[in-house]
Amino acid sequence: MLFGIKTSQQDTAWADMLAVWTEADDIPVFTSAWNFDHFYPIFSDSAGECLEGWTTLAALAQATKRIRVGSMVNGIVYRHPAVLAAMASSLDIISAGRLELGIGAGWNVEECDAYGIELGTLTERFDRFAEACEVIKGLLTRELTSFEGRYFTLSEARNNPPGVQQPHPPICIGGQGERRTLPLVARYADHWNCPVFGVEEFRGKHAVLEDACGAIGRDPAEIMTSVHVRVPHDGDPGPVAAQAAAYREAGADLAICYLPPPHDPAVLEPLAEALTPLAD
């Protein structure tokens, strides 16, 4: 099993988050590090502080050398997919080919209402997301991309220079919806993040993904699967290792350890020691 860390930019200090990422970069068991794509805190008072995701991700990519980096996941509603593709390619170059491109339909009503962003109905969100997936994949893999949809229109659009990774930075789609999300994972994703907090629910969603892959003739083994495991506020690594072991037995490939604020690099060594036997 692979292991990553996640530090969302809510209710934290930049210096603390930076210290965690640079420490994790030196610990081999952690293969990836993630932040999130929100403008307001989502687990506490939404009036609290929250650093912007892509700005901090670019800075953290520069501060690290080995660990893969990504945002779990970018809400398509916040940026035109052509802009997001250009950002991804640039950050893949800046990070020397370490970017994981996380994308999702978006859901945060409070942020959208506050910023005047039209979130739309659930159907509209996923219609827009489906178009965005096609646009992003095209821009990351072709010299010129044309597209005409309800939400996005491109005319011989370029994304130059392309990223380092070929054919493109891995695309991670986050979500669990069986009717819309998982068929899009089967068609476009290299990595699926399943946002559930129960092993049996993960098993059920994974079975649905396997069926969606079968419907289009894709081998589900081509898609990395990941889950979040929450690190308790006291930093005890025991429950984290137990959860990770259960998810590994259920077929998950990557456990992302969600670190609570205030962020402290001291939590990483005990966590790594507990997780290392599961990585063998």
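Quick caveat: nothing in here was measured; it's all calculated off a predicted structure.
Ser95 and Ala61 get closest at one heavy-atom pair: CB-CB, 4.1 Å. In terms of heavy atoms, Ile223 sits closest to Cys213 at CD1-SG, 3.7 Å. Contact detail for Leu99 and Asp92: the closest heavy-atom pair is N-OD1, 3.4 Å. Between Thr22 and Ala63, the shortest heavy-atom distance links the atoms CG2-O, 3.5 Å. When all heavy atoms of Leu119 and Trp107 are compared, the pair lying nearest together is CD2-O, 3.6 Å. Residue Thr12 comes nearest to His263 through the heavy atom pair OG1-ND1, 2.8 Å, listed as atom of the first residue, atom of the second, then distance.
Counting heavy-atom neighbours within 6.0 Å of His80 NE2, excluding the residue itself, gives a total above 12. Glu273 CD: 12 or fewer foreign heavy atoms inside a 6.0 Å radius. The neighbour count for Glu222 CD, taken as heavy atoms of other residues, nucleotides or ligands under 6.0 Å away, is above 12. Enclosure of atom CD in Glu118 is not indicated, since only 12 or fewer non-hydrogen atoms of other residues, nucleotides or ligands lie within 6.0 angstrom.
Atom-to-atom distance recorded for Glu23:CD and Asp264:CG is 10.0 Å, nearest 0.5 angstrom. In this structure, the separation between CG on Leu139 and CZ on Arg158 is 12.0 Å, given to the nearest 0.5 Å. Atom CG of residue Leu184 and atom CZ of residue Arg179 lie 10.5 Å apart, to the nearest 0.5 angstrom. The structure places CD1 of Ile5 at 8.5 Å from OG of Ser32, a figure rounded to the nearest 0.5 Å. Note: Asn35 CG to Ser71 OG = 4.0 Å, rounded to the nearest 0.5 Å. Between atom CD1 of residue Ile42 and atom CG of residue Asp11 there is a gap of 10.5 Å, rounded to the nearest 0.5 Å.
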Run the side chain to side chain contact (heavy atoms under 4.5 Å, CB included) test on Lys205 and Glu201 for me, step by step, so that the C-alpha distance in whole Å, both residues' side-chain angles and the decisive distance to 0.1 Å come before the verdict. CA-CA 6 Å; Lys205 299 295 182 180; Glu201 188 175 5; 4.2 Å; yes

Evaluate Leu259 against Leu268 for side chain to side chain contact (heavy atoms under 4.5 Å, CB included), listing each step before the verdict. CA-CA 9 Å; Leu259 306 180; Leu268 294 177; 4.1 Å; yes

Output, in order, the C-alpha distance, side-chain angles, deciding distance and verdict of side chain to side chain contact (heavy atoms under 4.5 Å, CB included) for Gln176 and Leu182. CA-CA 6 Å; Gln176 58 176 297; Leu182 295 183; 5.7 Å; no

Might you work through the side chain to side chain contact (heavy atoms under 4.5 Å, CB included) test for His228 and Asn193, ending with a clear yes or no? CA-CA 8 Å; His228 289 94; Asn193 178 254; 3.4 Å; yes

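Formation of a donor-acceptor pair under 3.5 Å by the Glu111 side chain with backbone atoms of Tyr40 is found in this model. Under a 3.5 Å cut-off, the side chain of Arg98 and the backbone N or O of Val69 do not form any donor-acceptor pair. Listed for the Asn74 side chain is a donor-acceptor partner under 3.5 Å among the backbone atoms of Gly102. Formation of a donor-acceptor pair under 3.5 Å by the Arg79 side chain with backbone atoms of Leu84 is not found in this model. For the pair Glu49 (side chain) and Leu51 (backbone), a donor-acceptor distance under 3.5 Å is absent. Arg180 places a side-chain N or O within 3.5 Å of a backbone atom of Phe126 that can act as its donor or acceptor partner. Of the possible donor and acceptor atoms, one in the side chain of Thr225 sits under 3.5 Å from a partner among the backbone N and O of Asp253. When atom types are taken as modelled, the side chain of Arg68 and the backbone of Gly97 share a donor-acceptor pair closer than 3.5 angstrom. In this structure, the side chain of Arg142 does not engage the main chain of Asn159 through any donor-acceptor pair within 3.5 Å. Thr31 places a side-chain N or O within 3.5 Å of a backbone atom of Phe3 that can act as its donor or acceptor partner.
Classified by interplanar angle (parallel below 30°, tilted 30° to 60°, perpendicular above 60°), the ring pair Phe43/Tyr258 is perpendicular. Using a 30° and 60° split on the angle between ring planes, Phe39 and Tyr78 fall in the perpendicular class, above 60°.
Taking hydrophobic clusters as Ile, Leu, Val, Met, Phe, Trp and Tyr residues chained together by side-chain heavy-atom distances below 4.5 Å, Leu140 does not share a cluster with Val164. Hydrophobic clustering (ILVMFWY, side-chain heavy atoms < 4.5 Å, transitive): Phe202 and Leu254 are in distinct clusters. Leu271 and Trp21 fall within a single hydrophobic cluster, where Ile, Leu, Val, Met, Phe, Trp and Tyr are joined by side-chain heavy atoms under 4.5 Å apart, directly or via other members. In the hydrophobic clustering of ILVMFWY residues, with side-chain heavy atoms under 4.5 Å counting as a link, Trp14 and Phe36 come out apart. Residues Ile256 and Leu57 do not share a hydrophobic cluster, defined by chaining ILVMFWY side chains whose heavy atoms lie under 4.5 Å apart.
Between Ser8 and His38 there is no side-chain heavy-atom pair separated by less than 4.5 Å. With contacts defined as side-chain heavy-atom distances shorter than 4.5 Å, the pair Pro169/Leu91 does not qualify. At least one side-chain heavy atom of Cys133 sits under 4.5 Å from a side-chain heavy atom of Ile173. Taking 4.5 Å as the limit, every side-chain heavy atom of Leu154 sits out of range of all side-chain heavy atoms of Ser146. At a threshold of 4.5 Å between non-hydrogen side-chain atoms, the residues Ile136 and His168 do not count as touching. Contact check for Gln165 versus Pro170: side-chain heavy atoms found under the 4.5 Å cut-off. Here the side chains of Ile76 and Ile103 are in contact, with some heavy-atom distance below 4.5 Å. Within the 4.5 Å cutoff, no side-chain heavy atoms of Val77 are placed close to those of Arg125.
For Trp34, the ring pair (Phe, Tyr, Trp, His ring centres under 6.0 Å) partners at least two apart in sequence or on another chain are His191. Residues forming a side-chain contact (heavy atoms from CB on, under 4.5 Å) with Pro162 (at least two apart in sequence, or on another chain): Asn160.
Ion pairing between a basic and an acidic side chain is recognised when a charged N comes within 4.0 Å of a carboxylate O; Arg187 and Glu134 show no such pairing. Under a 4.0 Å N-O distance rule, the pair Arg128/Glu131 does not qualify as a salt bridge. Ionic pairing of Lys6 and Glu100 is not present here: no N-O contact between side-chain nitrogen and carboxylate oxygen is shorter than 4.0 angstrom.
With a 4.5 Å cut-off between side-chain heavy atoms of Ile, Leu, Val, Met, Phe, Trp and Tyr, the cluster of Ile216 takes in none.
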